[in-house]
Amino acid sequence: EMRGQVRIGRALVDFERAIAFSVVMAQAHRGKGIALQRLERTGESLACFDQALKLWPECADAFFFAALSLERLGRLEESVAPYDKAAVLEPDSIPVLANRATILLRLKRYAEASAGFEKLNAMAPGNSISLNGLAYAAAHACDWRRGDEFRTRMAAGLRAGKSEFRPRSQ
C-alpha cells in the first residue's frame, strides 16, 4: 500500500512537471506568434497562437493576439470570439475591450459596440477612444442627440488633454 502511494506521488510530480512544461511551451508559441505578427507574417502567427491555446487554454494574451491576427487577415467576424474569450479571462483589459468594441463597430453591431465603449468609458472616464466609438455607434443608430453629446464630451476632453486611457485605478 505504501509503495503504491509513493508511486502515485511520483506520478503526480511528473504530471505537474509536464503541465508546467506545457505552459512554458505555450508561452514559447505565443512569443513566436508575436514575433511573426510584427514581421507581418500574420498567417503563421495565427498558427502559433492556436498551438499556444491548445497547450494553455486560459492564456488571455494568446486569445488577444489570435484575434489581432484574424483582424489583420480581414476575418473580422472570426476575431470576435477570441476577443470575447480574452475579455472573460481579463475583464479589465483596456486593449482587449477597446479592440473588441472597435471590431463590433466595424461589423455594424452598434448596440454591442456601444456597450463595450460604455465599459471602457467607465474604466477611463472621458477618453477619446470610447467617446468617439460611442458617438459613432449613436450616429449609426440615428440617436443624434446622444451622438452629439459624446462628440461634445470628446472635444472637451481633447482640449483638456484627455486623449489617452487613464484607468481609475492609476
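None of the values given here were measured: they were computed from a predicted structure. Counting from 1, the numbers follow the sequence of the chain as shown. Side chains are part of it too, since the values below use all heavy atoms of this structure and drop only hydrogens, waters and symmetry mates.
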**Student:** Can you list the steps and then say if Lys32 with Gln51 is a side chain to side chain contact (heavy atoms under 4.5 Å, CB included)?
**Tutor:** CA-CA 11 Å; Lys32 180 180 177 184; Gln51 188 61 38; over 6 Å; no

**Student:** What pairs with Ser45 under side chain to side chain donor-acceptor pair (under 3.5 Å), at least two apart in sequence or on another chain?
**Tutor:**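 With sequence neighbours excluded, Ser45 shows a side chain to side chain donor-acceptor pair (under 3.5 Å) to Ser69, given in chain and number order.
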
**Student:** Given 3.5 Å as the limit, does a donor-acceptor pair link the side chain of Glu78 with the main chain of Leu70, or not?
**Tutor:**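 It does not hold such a pair.
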
**Student:** Any salt bridge (charged side-chain N to carboxylate O under 4.0 Å, His left out) involving residues 93-108? Give me the pairs, sequence neighbours left out, ordered by first then second residue.
**Tutor:**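 For residues 93-108, and leaving out neighbouring residues, the salt bridge (charged side-chain N to carboxylate O under 4.0 Å, His left out) pairs sorted by first residue read Glu71-Arg106, Asp84-Arg100.
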
**Student:** Checking Glu44 now: which residues fulfil side chain to side chain donor-acceptor pair (under 3.5 Å) with it, not counting sequence neighbours?
**Tutor:**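 Once residues adjacent in sequence are excluded, the partners of Glu44 under the side chain to side chain donor-acceptor pair (under 3.5 Å) criterion are Arg41.
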
**Student:** Walk me through it: do Phe49 and Asp61 pass the test side chain to side chain contact (heavy atoms under 4.5 Å, CB included)?
**Tutor:** CA-CA 9 Å; Phe49 299 128; Asp61 279 354; over 6 Å; no

**Student:** Identify whether Phe65 and Tyr83 are in the same connected component of the hydrophobic contact network (ILVMFWY, side-chain heavy atoms under 4.5 Å).
**Tutor:**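 Yes; tracing contacts between hydrophobic side chains, which count when under 4.5 Å, links both residues.
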
**Student:** Among the clusters formed by ILVMFWY side chains lying less than 4.5 Å apart, do Met123 and Val96 turn up in the same one?
**Tutor:**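 No, separate clusters.
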
**Student:** Name all residues meeting the salt bridge (charged side-chain N to carboxylate O under 4.0 Å, His left out) criterion together with Glu90; count only those two or more places apart in sequence or in a different chain, and write none if there are none.
**Tutor:**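 Glu90: no salt bridge (charged side-chain N to carboxylate O under 4.0 Å, His left out) contacts found.
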
**Student:** Do Pro91 and Lys119 come within less than 4.5 Å of each other through their side chains, counting heavy atoms only?
**Tutor:**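 Yes; the side chains approach each other to less than 4.5 Å.
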
**Student:** What residues form a side chain to side chain contact (heavy atoms under 4.5 Å, CB included) with Pro95, not counting sequence neighbours?
**Tutor:**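 Only Phe64, Ser93 meet the side chain to side chain contact (heavy atoms under 4.5 Å, CB included) criterion with Pro95.
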
**Student:** Who are the salt bridge (charged side-chain N to carboxylate O under 4.0 Å, His left out) partners of Glu40, not counting sequence neighbours?
**Tutor:**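 Glu40: no salt bridge (charged side-chain N to carboxylate O under 4.0 Å, His left out) contacts found.
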
**Student:** Only counting residues at least two apart or in another chain, list the ones meeting salt bridge (charged side-chain N to carboxylate O under 4.0 Å, His left out) with Glu58.
**Tutor:**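 Applying salt bridge (charged side-chain N to carboxylate O under 4.0 Å, His left out) to Glu58 gives none.
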
**Student:** Indicate the atoms forming the closest heavy-atom contact of Ala52 with Ala62, along with that distance.
**Tutor:**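 Scanning both residues completely, I find the closest heavy atoms to be CB-CB, 4.3 Å.
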
**Student:** Kindly write out the residues that satisfy side chain to side chain contact (heavy atoms under 4.5 Å, CB included) with Leu107, not counting sequence neighbours, or none if the list is empty.
**Tutor:**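 Applying side chain to side chain contact (heavy atoms under 4.5 Å, CB included) to Leu107 gives Leu76, Glu77, Val80, Ile103, Arg109.
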
**Student:** Could you pull out all residues at least two apart from Asp92 that satisfy salt bridge (charged side-chain N to carboxylate O under 4.0 Å, His left out)?
**Tutor:**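 Not a single residue meets the salt bridge (charged side-chain N to carboxylate O under 4.0 Å, His left out) criterion with Asp92.
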
**Student:** What's the separation between atom CG in Leu97 and atom OG1 in Thr102, rounded to the nearest 0.5 Å?
**Tutor:**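 Answer for the CG-OG1 pair, Leu97 versus Thr102, is 10.5 Å.
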
**Student:** What residue pairs, at least two apart or across chains, pass ring pair (Phe, Tyr, Trp, His ring centres under 6.0 Å) with a residue in residues 23-46?
**Tutor:**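 For residues 23-46: none.
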
**Student:** Who else is in the cluster with Leu53 when I, L, V, M, F, W and Y are joined by side-chain contacts under 4.5 Å?
**Tutor:**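 Same cluster as Leu53: Phe63, Leu89.
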
**Student:** Are Ile129 and Tyr110 linked, directly or through intermediate hydrophobic residues, by side-chain heavy-atom contacts shorter than 4.5 Å (ILVMFWY only)?
**Tutor:**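 Both belong to a single hydrophobic cluster.
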
**Student:** Only counting residues at least two apart or in another chain, list the ones meeting side chain to side chain contact (heavy atoms under 4.5 Å, CB included) with Ala113.
**Tutor:**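 With neighbours one apart ignored, the set is Leu104, Leu105, Phe117.
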
